[in-house]
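Before any comments, here is the structure.
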Amino acid sequence: VRGTPGILLAALAALAVLATVAIVYVAGGKSPQLVTQAILTGILLGGVYALVSIGLTLIFGVLGIVNFAQGTLLTVAMYVAYVLVTAAGLNVYVATLVAIPVLFAVGYAIQATMLNRLMRPGGTEGQLLVTLGLSLLVANLLLLGFGGLEKTITPPLNGNLHIFGAIAPISRVVAFAGAILLAIALTVVLQKTRLGLTIRSVAANSQGAQLVGVNIRRVFALTFGLGTATVGAAGGLLLPFLSLTPSTGEQFTILAFVIVVLGGLGSVRGAIVGGLTVGLVQTVGGLYLPGTGALLLVFAVFILVLFFRPQGLFGSAP
Amino acid sequence: MSHLLRSPAGRQFAILVAGTAVLAFVPFVLPADRHAVAVRTLTFAIMAVGWNIMSGFGGMFSFGHAAFFGIGAYADAYLLVAHGISPWVAMPVGGALAACFGVAAAFASLRYRLAGAYFALATFAFAQMLLLLVANLDVLKKTEGFNIPILAEPSWAKLQFAQNSNNYFWIPLGLLAFALVVNIVLVHSRTGQFVMATRDDQTAAEALGIPVMRYRLVAVAVSAALTAMAGVFYAQYYLYVDPDNAFGASVSVEAIVPAIIGGIGTIWGPVVGAMIVGPLSEVTASILRDPPQALAFLQGKSGLDVASYALLVILIALFLPRGVYGSLAARFRR
């Protein structure tokens, strides 16, 4: 399993997903409408997961840092958008555009002031602890500042789309579209720009990049900033349909790790495929395993991937 | 006697005996409303000593010690509630179960050479999986959890006493002393030396013929069993267990934080760390209840306790990677 090319595995995985869906339709014992709804919900949910995972995969893939604070930074982005919406009266999608540079700055600062001290070999523990500490610190500062009560905004886009007899709330469709746009934008940045070239060179060989004159500490900080800017976008897109508490983002940290490992470190398309897979496993599995049972399936998949293909679907062999 | 004290192990045992004897008098001088904090501090210390054996001395950073703690807590609650079996039996049973689970999970992870961040993620996933499993199992009462029935009479056999009984302090103190004895014996044994050699340089250890995998698993098993013991006591003290308070990620954090603050890979670091973290929550709670003028806006809010120890963890990771005790000890040795 380890040596097989990612594309082949991805195709196999896609086939397996299609086959499973077909079996669920034909022999699953559930009404077809219910199944269609589960699939649609799963795809939209997967888009949300992908949105949060894209930044994590970039940070993990380039810097090798397990960013335990990713979910909490998502919460921060949501509070930024929330304050802009309620206090300044902005449209939530305009607020999203403001949250992106704010979160970029936050991420840049975290890497430049703290994590850059721990980029030496053997610094893994320190990195884990700093991001874990940040996650706890920020979540609890938010708790001190905003209290634990749930906050919601009135979504600017109400209503539903009807697709094959299933219902899709428009704000979720917008979030899904946002995830795709974000993935495209990030891919363009990484593949077509000078900054992207620099980031990829540092990811491939940071020492070599340094020797040819790349300021790697700055690139580390820029990369971390890009990774957190994506949750800046995610926060505003999620706010219309998620109720906000200081711990809202934490549930995403765990799932985002699953998705990143599943899709492959540093792979943006891996994050999309992984996100969709996890979303579908959760909703289609949820037809049979109520409550959190479907999440159990997600973790079973995670552990299998970790053991049999630790580089993920689209990652290159270590 | 004097030659005993000259060996490092002898000195450590002497400190342990003296320290335990002094601490045993704490309940007599402590105001009644500080009792719960003292018990929490001791529980933190047991968990951190357990975590430190695997992650500090063994070099395998675990972010999933909630798995072991939870196995202990649930073993106790299930055996007691469903079968009336004493918590004193639940300790070895829970410890053995946790050790088996830990060895299986670590073997699976290490066989594929998962290291560093990947290993931490795998342990995290295993703990999360147990949480979800327990939350979906009817036998273990799903998300509802177990209430341990309150007895009319205090009972040593059922490990239940009047609220604020000093026994609730002495029992975890005894468990902590036991964990430290295990730790000291392990560190000075051949096994422990092999464990640390494996941590410091795996390739060199392998070249010397040390069966690396075996000694890593020994460290995991000991660490898991000690942490499970803390779980058993926790269930008996709070008389309530549910998936979140047994297997939640915050439990893993509670095992890590004291060890980090005190100093990983040292005998006394986790204990020192627990003595900092445990009372910290009490200090912050009193600040929030009755804040000084400058912090008046914090009145009645929550979150300051975790925020303050999170800040400590960040500062220590950045500036004092050997921890409070570890750095002091290193300075004195020089």
Side-chain angles (χ1 to χ4, degrees), chain A residues 2 60 64-68 113-115 117-118 121-148 246 250 253-255 257-258 260-261 265 289-300 302-303 306-310 318, chain B residues 55-56 59 61 63 105 108-109 111-122 124-137 142-143 243 249-250 252-253 256-257 260 264 288 295 297-298 300-319 321:
Chain A
R2 295 198 146 199
F60 205 176
I65 291 178
V66 176
N67 182 17
F68 271 108
T113 59
M114 294 182 233
L115 293 170
R117 295 165 173 276
L118 300 165
T124 316
E125 277 176 18
Q127 296 162 2
L128 277 172
L129 291 173
V130 167
T131 60
L132 179 66
L134 275 174
S135 158
L136 293 169
L137 177 64
V138 172
N140 284 282
L141 288 180
L142 288 173
L143 185 61
L144 281 170
F146 290 91
E250 274 161 37
T253 309
I254 306 169
L255 284 172
F257 281 135
V258 174
V260 166
V261 170
L265 293 184
L289 295 167
T292 50
L295 270 180
L296 202 55
L297 280 182
V298 171
F299 276 92
F302 177 58
I303 286 182
L306 215 47
F307 289 150
F308 293 111
R309 199 175 159 86
Chain B
S55 303
F61 194 97
F63 194 57
S109 312
R111 195 160 62 105
Y112 287 102
R113 294 200 163 244
L114 292 184
Y118 272 102
F119 185 83
L121 274 184
F124 185 45
F126 277 116
Q128 202 65 26
M129 243 177 53
L130 282 188
L131 185 151
L132 291 167
L133 196 64
V134 168
N136 285 285
L137 278 180
K142 298 195 160 174
T143 47
S250 58
S252 297
V253 172
I256 299 173
V257 168
I260 298 298
I264 60 173
L288 291 184
L295 298 170
F297 64 96
L298 287 177
K301 298 277 177 74
S302 59
L304 189 62
D305 52 343
V306 181
S308 49
Y309 77 59
L311 186 64
L312 257 181
V313 167
I314 297 173
L315 292 175
I316 296 235
L318 287 174
F319 303 110

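In what follows, chains carry the letters A, B, and so on, assigned in the order in which the sequence lines appear, proteins first and then strands, with residues in each chain numbered from 1.
- You'll find the side chain of A/F60 reaches within 4.5 Å of the side chain of A/V66, heavy atoms only.
- Taking CZ of A/F302 as the start and CG of A/L295 as the end, the distance is 13.0 Å to the nearest 0.5 Å.
- For the options B/N136, B/T143, B/L133, B/V313, heavy-atom pairs under 4.5 Å to chain A are most numerous at B/N136.
- Contacts of A/V261 with chain B are made by side-chain atoms alone, with heavy-atom separations under 4.5 Å and no backbone atom involved.
- Residue with the most contacts toward chain A among B/A135, B/S55, B/S109: B/S109 (heavy-atom pairs, distance under 4.5 Å).
- In this structure, the portions of A/L129 lying under 4.5 Å from any heavy atom of chain B include both its backbone and its side chain.
- For B/L312, no part lies near chain A; criterion is any non-hydrogen pair under 4.5 Å.
- Of the atoms belonging to B/L315, not a single heavy atom falls under 4.5 Å from chain A.
- Note that the OG1 atom of A/T113 and the CG atom of B/L318 stand 8.0 Å from one another [nearest 0.5 Å].
- Looking at B/F319, only its side chain comes within 4.5 Å of chain A, counting heavy atoms on both sides.
- Interface remark: B/A120 contributes side-chain atoms only to the contact with chain A (heavy atom separation under 4.5 Å).
- The parts of A/L296 that come within reach of chain B are both its backbone and its side chain, each placing non-hydrogen atoms under 4.5 angstrom from that chain.
- Taking the six-membered ring where the residue is Trp, B/F63 and B/F124 present tilted rings, their angle falling between 30° and 60°.
- Within the 4.5 angstrom heavy-atom criterion, no atom of B/V257 approaches chain A.
- Side-chain atoms of A/L134 and A/N67, non-hydrogen and from C-beta on, never get closer than 4.5 Å to each other.
- Taking the side chain as every heavy atom from C-beta outward, A/F299 and B/L132 approach each other to under 4.5 Å.
- Using a 4.5 Å cut-off between heavy atoms, B/I260 touches chain A through its side chain atoms alone.
- Between A/L128 and B/F61, some side-chain heavy-atom pair lies under the 4.5 Å cut-off.
- Residues A/F146 and A/L143 have side chains not in contact (no heavy-atom distance under 4.5 Å, counting atoms from C-beta outward).
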